[in-house]
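What follows is one structure encoded as structure tokens, with my remarks underneath.
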Amino acid sequence: MRTVRGKVVLITGAARGIGAGVAKRLAQQGAKVALVGLEPDELKRVAADCGPDAAFWEADVTSWDALEKTVDEVVAHFGGIDVLVANAGIAATGFARSIDRAAFERVIEVDLLGVWRTTRVCLPHLIDRRGYALLVSSAAAIMHIPGNAAYSAAKACVEAFANSLRAEVKHLGVDVGVAHPTWIATDMVNSADKHPVFGAMRASAPGLAGKTYPLSVAVDLISEGIAKRSRAIHVPGWVGAIKLIRALLPRLVELSTRSLIPAADKAAVEDIAKRGSQEASIVGPGARADLDAAQKRA
């Protein structure tokens with residue numbers, strides 16, 4: 001492809017963070033962008049920033065009906081889909097023994113099943129145009145840290161799904177990529193850093209594992225990778241290097257965090273007693289919007 005000019009790009013999780021940033025960048029490069037998310041006011045602002053070749057749809061990526069309706073409307077509006085960026089995701093923080101059960105399971109529902117459902121609904125249109133699907137995983141798929149089990153599990157499954165899917169659809173002309181961003185300065189990460197227990201844990205992480213990168217780093221690398229139809233996009237490049245020692249990472253994480261866990265485990269239980277398990281688990285406005293949407297459905 002090498003250029004996105006004139007291409008129709010559907011981006012989920014487009015209201016904020018990486019999704020919004022990539023949408024704006026691709027629009028600047030001449031793409032037609034279909035923005036999908038749960039926050040209509042934010043989506044409207046992003047669409048306005050993207051220009052006249054942008055439109056937005058409010059949809060829950062865990063709903064087959066909502067996705068099918070949205071994708072049908074995107075195709076009717078733009079004429080097809082050339083690129084899918086399955087980016088929608090939320091996070092919940094907490095230890096497995098005490099985290100809010102619904103919050104844990106909702107991360108799996110959105111971050112894994114939402115990617116699967118979005119991809120499945122978009123695939124016929126990507127096949128029709130011999131397009132490209134980018135599934136957004138995370139460095140958390142490679143390095144699994146305490147207090148992040150739901151997110152790590154979901155993102156590791158996204159990576160595995162992308163790798164299997166790539167082999168399945170190559171003969172149909174569709175390329176599949178997977179993106180692995182580390183800590184990027186988004187609303188989700190910034191909110192996590194303010195968590196009274198797990199924010200402090202991350203602040204103590206050594207070296208690159210604790211560093212937060214500007215949103216522009218992710219936007220630059222992911223936008224470039226989309227134009228190249230890359231099979232893997234590492235944000236930043238060192239994330240790709242740690243794949244080479246993947247087998248050693250669980251042990252390294254255990255060794256580097258074992259002195260922190262007892263106090264953090266106690267503090268997490270106390271935080272839940274003070275704020276409730278749901279409030280203690282939710283991370284960022286995206287997760288809040290997802291919770292609000294779930295409550296409306298109920």
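Atoms considered below: every heavy atom in the structure, side chains included; atoms not considered: hydrogens, waters and symmetry mates.
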Minimum side-chain heavy-atom gap V9-V85 below 4.5 Å: yes

Residues that R129 engages under side chain to side chain contact (heavy atoms under 4.5 Å, CB included), provided they are two or more places apart: V8, D82

CD1 on I233 to CG on L134, rounded to 0.5 Å: 4.5 Å

Nearest-0.5 Å distance, SG of residue C122 to CD1 of residue I127: 11.0 Å

Atom of A139, atom of T182 and distance for their closest heavy-atom approach: CB-CA, 3.8 Å

Side chain R117, main chain W64, donor-acceptor under 3.5 Å: no

Ion pair E159/R246, N-O distance below 4.0 Å: yes

Nearest heavy atoms of A162 and G177, plus distance in Å: CB-O, 4.3 Å

side-chain hydrogen bond (donor to acceptor under 3.5 Å, both in side chains) contacts in which one or both residues fall within residues 87-103, not counting sequence neighbours: R97-D265, D100-S277

I282 side chain reached by L291 side chain, heavy atoms, under 4.5 Å: yes

ring-ring contact (aromatic ring centres under 6.0 Å, His included) partners of H234, counting only residues at least two apart: H180

4.5 Å side-chain heavy-atom contact, V46 and K24: yes

Atom pair CG (L135) and OG1 (T119), whose distance is rounded to the nearest 0.5 Å: 4.5 Å

Linked, directly or transitively: L221 and I11 (ILVMFWY side chains, under 4.5 Å): yes

Test item: V61 and T12 side chains (from C-beta on) under 4.5 Å apart, heavy atoms: yes

Side-chain heavy atoms of R166 within contact of V178, under 4.5 Å: yes

Basic-acidic side-chain contact under 4.0 Å: R25, D49: no

Check: I226 and V4 side chains under 4.5 Å, non-hydrogen atoms: yes

Student check: side-chain heavy atoms of V239 and I142 closer than 4.5 Å: yes

Inter-residue atom distance K170.NZ - L172.CG, 0.5 Å rounding: 11.0 Å

Separation between CD of E109 and CD1 of I90, rounded to the nearest 0.5 Å: 9.5 Å

V121-F161 co-clustered via ILVMFWY side chain contacts under 4.5 Å: yes

S63 and D65: side chain donor to acceptor below 3.5 Å: no

I99: side chain to side chain contact (heavy atoms under 4.5 Å, CB included) partners, not counting sequence neighbours: A92, F104, S281

same_hphob_cluster(V83, V169) at 4.5 Å side-chain heavy-atom cutoff: no

For the student: nearest non-hydrogen atoms of A91 and A287, plus distance: O-CB, 3.9 Å

Sequence neighbours excluded - ring-ring contact (aromatic ring centres under 6.0 Å, His included) pairs with any residue from residues 15-43: none

Heavy-atom closest contact (S191 atom, P285 atom, distance): OG-CD, 3.9 Å

Residue pair V158 / D111, side-chain heavy-atom distance below 4.5 Å: no

V74 with L26, same ILVMFWY side-chain cluster at under 4.5 Å: no

Sequence-distant partners of H195, ring-ring contact (aromatic ring centres under 6.0 Å, His included), two or more places apart: F198

Main-chain N/O of S230 paired with Y132 side-chain donor or acceptor, under 3.5 Å: yes

Pairs satisfying side-chain hydrogen bond (donor to acceptor under 3.5 Å, both in side chains), at least one member in residues 206-218, at least two apart: R202-T212, Y213-W238

Within one Ile-Leu-Val-Met-Phe-Trp-Tyr cluster: V235 and I242, side-chain cutoff 4.5 Å: yes

Salt-bridge present (R231, D175; N to O < 4.0 Å): no

Distance-only check: which donor-acceptor pairs under 3.5 Å involve side-chain atoms of residues 256-263, not counting sequence neighbours?
residue: S256; atom: OG; partner: L252; partner atom: O; Å: 3.1
residue: S256; atom: OG; partner: V253; partner atom: O; Å: 3.1
residue: T257; atom: OG1; partner: V253; partner atom: O; Å: 2.8

Minimal non-hydrogen separation, V71 against L10, with atom names: CG2-CD1, 4.2 Å

Check against side chain to side chain contact (heavy atoms under 4.5 Å, CB included), L123 and L165: CA-CA 11 Å; L123 263 178; L165 178 66; 4.1 Å; yes

Nearest-0.5 Å distance, CZ of residue R16 to CD of residue E39: 4.0 Å

Considering only distance and modelled atom types, tabulate donor-acceptor pairs under 3.5 Å from the side chains of residues 147-155, sequence neighbours left out.
residue: S152; atom: OG; partner: A140; partner atom: O; Å: 3.4
residue: S152; atom: OG; partner: N148; partner atom: O; Å: 3.1
residue: K155; atom: NZ; partner: V136; partner atom: O; Å: 3.1

Residues which pass salt bridge (charged side-chain N to carboxylate O under 4.0 Å, His left out) with E270, listed by chain and number, not counting sequence neighbours: none

Pairs involving residues 30-62, ordered by first then second residue, that meet ring-ring contact (aromatic ring centres under 6.0 Å, His included) (sequence neighbours left out): W57-H77

salt_bridge(E58, K44) N-O dist < 4.0 Å: no

Closest heavy-atom pair and its distance - A27, C50: CB-O, 3.5 Å

T186: side chain to side chain contact (heavy atoms under 4.5 Å, CB included) partners, not counting sequence neighbours: I18, I184, M188, V189, L215

Donor-acceptor contact below 3.5 Å, side chain T3 vs main chain R5: yes

